[in-house]
Q: 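Below is one structure. I have some questions about it.
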Amino acid sequence: MSELYIRVAEDENEEPMEIPSEDDGTVLLSSVAAQFPGACGLRYRNPESQCMRGVRLVEGVLHAPENDWGNLVYVVNYPKDNKRKMEEIDAASAVKIKRGFQKTSDLIVLGLPWKTTEQDLKDYFSTFGEVIMVQVKRDVKTGNSKGFGFVRFTDYETQTKVIAQRHMIDGRWCDCKLPNSKACPDEPMRSRKIFVGRCTEDMTTDDLRQYFMQYGEVTDVFIPKPFRAFAFVTFADDQVAQALCGEDLIIKGISVHISNAEPKHNNIRQLFPNFPGGSASLAAMFDRSQYQFPSFHV
DNA sequence: GTTGAGCGTT
């Protein structure tokens with residue numbers, strides 16, 4: 001019975017994840033909760049009655065029905081109020097739960113040899129865990145490496161391990177750190193609009209709409225022309241927008257950075273036609289006033 | 001073709 005895995009999913013229609021069982025054939029609730037934070041039990045559809053059945057849980061240990069887990073997909077139970085929170089109240093935490101708790105972020109890789117390629121980086125970092133993105137930053141004109149890059153892992157544990165040590169890559173010692181540009185203000189505006197930084201030119205409004213749909217209803221996508229490497233996406237629900245803020249997301253293999261959309265203030269003069277002095281001081285005042293006048297940013 | 005602490009064509 002050792003080295004057995006059971007299939008567990010958040011919902012009957014979601015993709016299952018394999019959770020390891022113990023030597024005696026039981027599964028620890030903590031093993032389930034490690035992948036599904038907040039889980040308090042498991043259920044499954046009884047093939048005969050077609051009814052959902054609970055899995056026996058004794059002191060944190062889940063016991064196989066009829067002493068055999070079989071090939072069924074088990075569904076995670078959450079405490080009742082959690083569930084209501086997820087479905088009705090807190091769209092923000094729903095997004096986070098869905099994506100797993102320990103989200104990884106891009107790591108900056110400092111000190112790369114000039115000759116190191118993205119393939120080299122991928123080969124090297126794959127020895128630590130699954131890699132979902134690598135970049136070597138290059139001079140746009142010459143194509144020469146700037147001597148640093150970025151890497152992103154699937155698992156948070158991998159990320160922790162990689163940050164903790166130095167790396168010998170193609171004959172040089174390199175460091176991996178969390179990049180500086182991670183900050184999201186503590187008191188974010190409750191905007192429904194997000195700023196999507198580091199877009200590439202081949203990302204269309206349709207691409208962005210398709211991608212962001214998974215988090216909630218998208219009401220608008222705006223890509224400035226000519227190309228400026230960023231875009232705005234507006235959601236129907238501000239909680240969805242806020243939940244994504246500060247994240248690095250992979251779109252078409254490219255890591256984009258999500259932050260709050262700054263209020264646009266190009267029409268201040270129209271709002272305050274008689275304000276004395278230059279537009280700069282007016283703009284500054286507008287910025288300080290945005291909490292009192294939330295309706296000004298649309 | 002050069003360099004060696006840094007921060008990703010907002």
Side-chain angles (χ1 to χ4, degrees), chain A residues 103-122 124-125 131-153 159 162-185 188-189 191-205 207-208 211-212 220-235 241-242 244-266 280 283-284 286-287 290 297-298:
Chain A
K103 40 185 199 275
T104 61
S105 41
D106 296 357
L107 302 180
I108 187 162
V109 189
L110 266 4
L112 289 176
W114 311 117
K115 56 174 242 202
T116 298
T117 65
E118 296 189 340
Q119 188 61 51
D120 295 333
L121 277 193
K122 177 131 198 216
Y124 174 76
F125 283 114
V131 170
I132 48 183
M133 190 263 336
V134 288
Q135 286 178 341
V136 171
K137 288 300 165 190
R138 297 175 183 281
D139 185 288
V140 274
K141 291 193 205 90
T142 66
N144 292 334
S145 167
K146 289 183 175 169
F148 71 96
F150 292 87
V151 61
R152 176 91 172 267
F153 295 96
Q159 166 169 323
V162 165
I163 293 176
Q165 69 177 72
R166 300 249 283 157
H167 301 272
M168 177 57 73
I169 303 176
D170 290 337
R172 275 184 58 93
W173 284 111
C174 302
D175 293 300
C176 294
K177 303 179 185 170
L178 286 168
N180 292 332
S181 63
K182 282 265 97 78
C184 242
M189 301 172 295
S191 175
R192 293 155 38 234
K193 197 194 307 189
I194 56 172
F195 178 94
V196 185
R198 307 199 300 264
C199 289
T200 53
E201 206 156 8
D202 68 329
M203 288 180 195
T204 65
T205 55
D207 290 332
L208 295 182
Y211 178 83
F212 283 102
D220 187 56
V221 176
F222 179 78
I223 299 178
K225 290 190 189 62
F227 175 67
R228 293 219 276 153
F230 63 91
F232 293 104
V233 174
T234 308
F235 290 94
Q242 294 307 317
L244 290 173
C245 187
E247 306 246 358
D248 293 311
L249 304 174
I250 312 276
I251 304 179
K252 296 179 110 174
I254 301 297
S255 169
V256 301
H257 187 71
I258 310 301
S259 54
N260 275 309
E262 305 264 328
K264 45 179 176 186
H265 37 206
N266 35 356
F286 180 87
D287 275 341
Q290 63 196 349
H297 58 85
V298 245

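Keep in mind it's a predicted model, so treat the numbers as computed, not measured.
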Q: Give the rounded distance in Å between these two atoms: CH2 of A:Trp114 and P of B:dG6.
A: 14 Å

Q: Whole-Å distance between B:dG6 P and A:Lys146 NZ?
A: 16 Å

Q: To the nearest Å, how far apart are A:Ile108 CD1 and B:dG8 P?
A: 7 Å

Q: How many angstroms lie between CG in A:Asp106 and CG in A:Leu178, if you round to the nearest 0.5 Å?
A: 10.0 Å

Q: Does the structure place the NZ or CZ of A:Lys193 under 6.0 Å from the centre of the six-membered ring of A:Phe232, at an angle of no more than 45° from the ring's axis?
A: yes

Q: Want to settle it: does A:Val109 or A:Ser145 sit nearer the 5' end of DNA chain B, counting the closest nucleotide to each?
A: A:Ser145

Q: How close or far is atom C1' of B:dT9 from atom CZ of A:Arg198, stated in whole angstroms?
A: 12 Å

Q: To the nearest Å, how far apart are A:Arg138 CZ and B:dG8 P?
A: 17 Å

Q: Can A:Phe148 be said to stack with the base of B:dG6, given centres closer than 5.5 angstrom and planes under 30 degrees apart?
A: no

Q: Count the heavy atoms of every other residue, nucleotide or ligand shown that sit under 6.0 Å from NZ of A:Lys122, and state whether that count exceeds 12.
A: no

Q: Side-chain N or O of A:Lys137 less than 4.0 angstrom from OP1 or OP2 on B:dT9?
A: yes

Q: Rounded to the nearest angstrom, tell me the gap between atom CG in A:Asp106 and atom P in B:dC7.
A: 16 Å

Q: Are the ring of A:Phe195 and the base ring of B:dT10 both nearer than 5.5 Å at their centres and tilted by less than 30°?
A: yes

Q: Between A:Ile258 (CD1) and B:dG8 (C1'), how many Å, whole number?
A: 14 Å

Q: Going by the rule ring-ring contact (aromatic ring centres under 6.0 Å, His included), which residues pair with A:Phe153 if we only count those two or more places apart in sequence or in a different chain?
A: A:Phe125

Q: If you only use heavy atoms from C-beta on, which nucleotide in B:dC7, B:dT10, B:dT9 is closest to the side chain of A:Lys177?
A: B:dC7

Q: Taking atom types as they are modelled, would you say the side chain of A:Asn180 forms a donor-acceptor pair with the base of B:dG6 within the 3.5 Å cutoff?
A: no

Q: Give A:Leu107 one of three labels, base, sugar-phosphate or nothing, depending on what nucleic acid heavy atoms sit under 4.0 Å from its own.
A: nothing

Q: Checking A:Ser145 now: which residues fulfil side chain to side chain donor-acceptor pair (under 3.5 Å) with it, not counting sequence neighbours?
A: none

Q: Using whole Å, report how far CG of A:Leu110 lies from P of B:dT3.
A: 19 Å

